[in-house]
2 protein chains.
Amino acid sequence: MVIPTDDITGTDLLQTLTALAHPQRLRIVAALAEGRNYVSQLARDMRMSRPLLHMHLARLEAAGLVRSEMEVSDDGKAMRYVELAPFSVHVTPEVIAGAVAQGLDSTQAEE
Amino acid sequence: MVIPTDDITGTDLLQTLTALAHPQRLRIVAALAEGRNYVSQLARDMRMSRPLLHMHLARLEAAGLVRSEMEVSDDGKAMRYVELAPFSVHVTPEVIAGAVAQGLDSTQAEE
DNA sequence: GATACCTGTCAGTATCTTCTGACACATGGT
DNA sequence: ACCATGTGTCAGAAGATACTGACAGGTATC
């Protein structure tokens with residue numbers, strides 16, 4: 001799924017940007033670029049606590065940058081496999097101006 | 001100045017993303033897309049305190065998304081005019097993987 | 001000299017995000 | 001039954017960021 005940066009709302013653009021704007025999450029995306037993986041293994045690979053990884057993945061998935069699905073392994077364990085959504089985010093001043101015009105709900109309201 | 005997203009370091013990519021990943025700063029960029037402005041006027045336009053705007057602008061400028069210069073008006077006042085740097089940031093999984101490989105100094109060190 | 005603009009910075013507070021550790025549940029093998 | 005593996009969630013500590021208000025300095029006009 002490709003994220004269209006044209007005709008995007010400010011809120012969505014912001015969600016995409018905040019999802020990416022964190023060192024751990026960049027590392028996660030880089031790790032997933034090598035292929036899909038399940039959560040516990042990924043947590044071990046990156047030396048990150050599982051609850052923390054869970055939170056970061058939730059953030060990435062909410063932004064549509066990552067996809068996941070439950071699978072049952074041969075030995076019966078339920079495992080969540082995570083993979084990248086092949087996104088493409090193109091940001092320019094014009095894109096931002098358009099997005100903000102489409103609406104940006106921060107806690108700050110304009111008059 | 002266009003920010004090349006290819007062959008960028010993880011640290012630089014992160015700085016660019018964190019600079020953009022904030023509602024106020026998106027609004028600032030959108031406002032500056034209409035043309036350059038000086039700080040106090042811009043603060044009034046966006047109903048934002050001047051120290052706060054100052055901080056956001058510093059962040060945007062450090063990331064190379066905005067440029068500024070001091071000018072002296074006809075009536076002798078020193079004014080800082082701010083304008084957009086026409087950036088273009090293209091983010092894909094490949095770009096992120098490459099950037100992280102180029103180095104990402106978070107507070108987290110890998111073994 | 002007081003006022004009205006402009007500039008910048010600082011300390012302290014408030015708020016949000018990140019992170020840890022503990023808990024609960026499920027399955028299969030020893 | 002117990003241990004090892006997987007899943008998820010929660011409360012609270014820790015840390016980073018955003019934000020406010022007050023201060024300092026500058027020049028020109030009344």
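Quick caveat, the model's predicted, so the values are computed rather than measured. By convention in this document, chain letters (A, B, ...) are assigned in the order of the sequence lines, proteins followed by strands, and residues within each chain are numbered from 1. Atoms considered below: every heavy atom in the structure, side chains included; atoms not considered: hydrogens, waters and symmetry mates.
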Exercise. Just checking A/Val72: base, sugar-phosphate only, or nothing, at a heavy-atom cut-off of under 4.0 Å?
Worked result: nothing

Exercise. Is it true that A/Arg80 and A/Glu61 make a salt bridge, defined as a side-chain N closer than 4.0 Å to a carboxylate O?
Worked result: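 Salt bridge between A/Arg80 and A/Glu61, a charged N being under 4.0 Å from a carboxylate O: no.
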
Problem set entry | N-O pairing of B/Lys77 and B/Glu71 below 4.0 Å | no

Problem set entry | Intermediate values then yes/no, side chain to side chain contact (heavy atoms under 4.5 Å, CB included), B/Gln41 and B/Met46 | CA-CA 9 Å; B/Gln41 184 58 46; B/Met46 338 195 37; over 6 Å; no

Problem set entry | Value rounded to 0.5 Å, distance of CG in A/Asp45 from CD in A/Glu34 |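 These two atoms lie 9.5 Å from each other.
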
Exercise. Which pairs count as ring-ring contact (aromatic ring centres under 6.0 Å, His included) when at least one residue sits in residues 57-85 of chain B, sequence neighbours excluded?
Worked result: B/Tyr38-B/Tyr81

Spacing of [X] atom [atom1] relative to [N] atom [atom2], expressed in whole Å:
X: B/Leu42; N: C/dG8; atom1: CG; atom2: P; result: 12 Å
X: A/Arg27; N: C/dT18; atom1: CZ; atom2: P; result: 15 Å
X: B/Leu57; N: C/dC6; atom1: CG; atom2: P; result: 15 Å
X: B/Arg44; N: C/dT7; atom1: CZ; atom2: P; result: 8 Å
X: A/Met55; N: D/dG15; atom1: CE; atom2: P; result: 15 Å
X: A/Leu60; N: C/dT18; atom1: CG; atom2: P; result: 10 Å
X: A/Glu69; N: D/dG8; atom1: CD; atom2: P; result: 13 Å
X: B/Arg47; N: D/dT20; atom1: CZ; atom2: P; result: 14 Å

Just N and O in the side chain of [X]: are any of them under 4.0 Å from OP1 or OP2 of [N]?
X: A/His54; N: D/dT9; answer: yes
X: B/His22; N: C/dC16; answer: no
X: A/Arg80; N: D/dG8; answer: yes
X: A/Gln24; N: C/dT17; answer: no

Between [options], spot the one nearest the side chain of [X], thanks.
X: A/Arg59; options: C/dT18, C/dT7, D/dT7; value: C/dT18
X: B/Met79; options: D/dT7, D/dC19, C/dT7; value: C/dT7
X: A/Leu52; options: D/dA18, D/dC19, C/dT20; value: C/dT20

Exercise. Which sits closer to the 5' end of DNA chain C, A/Thr18 or B/Met70, going by the nucleotide each is nearest to?
Worked result: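 Comparing both residues, the 5'-ward one is B/Met70.
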
Protein-nucleic acid N or O pairs under 3.5 Å, nucleotides 21-27 of chain C:
none

Exercise. A/Val82 and side chain to side chain contact (heavy atoms under 4.5 Å, CB included): which partner among A/Leu60, A/Asn37, A/Val39?
Worked result: A/Val39

Problem set entry | Worked check of side chain to side chain contact (heavy atoms under 4.5 Å, CB included) between A/Arg50 and A/Ser40 | CA-CA 6 Å; A/Arg50 206 168 41 78; A/Ser40 286; 3.3 Å; yes

For this session: Convert the base pairs of DNA chain D into dot-bracket notation, remembering that pairs crossing earlier ones are written with [ ] and that bases paired across to another strand are shown as |; include only Watson-Crick or G-U pairs under 3.5 Å.
Result: ||||||||||||||||||||||||||||||

Exercise. Can A/Thr18 and B/Leu17 be said to form a side chain to side chain contact (heavy atoms under 4.5 Å, CB included), step by step?
Worked result: CA-CA 8 Å; A/Thr18 52; B/Leu17 289 173; over 6 Å; no

Exercise. Linking I/L/V/M/F/W/Y whenever their side-chain heavy atoms sit closer than 4.5 Å, directly or via other members, would B/Leu53 and B/Leu26 fall into one cluster?
Worked result: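 Looking at the clustering, B/Leu26 is in the same group as B/Leu53.
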
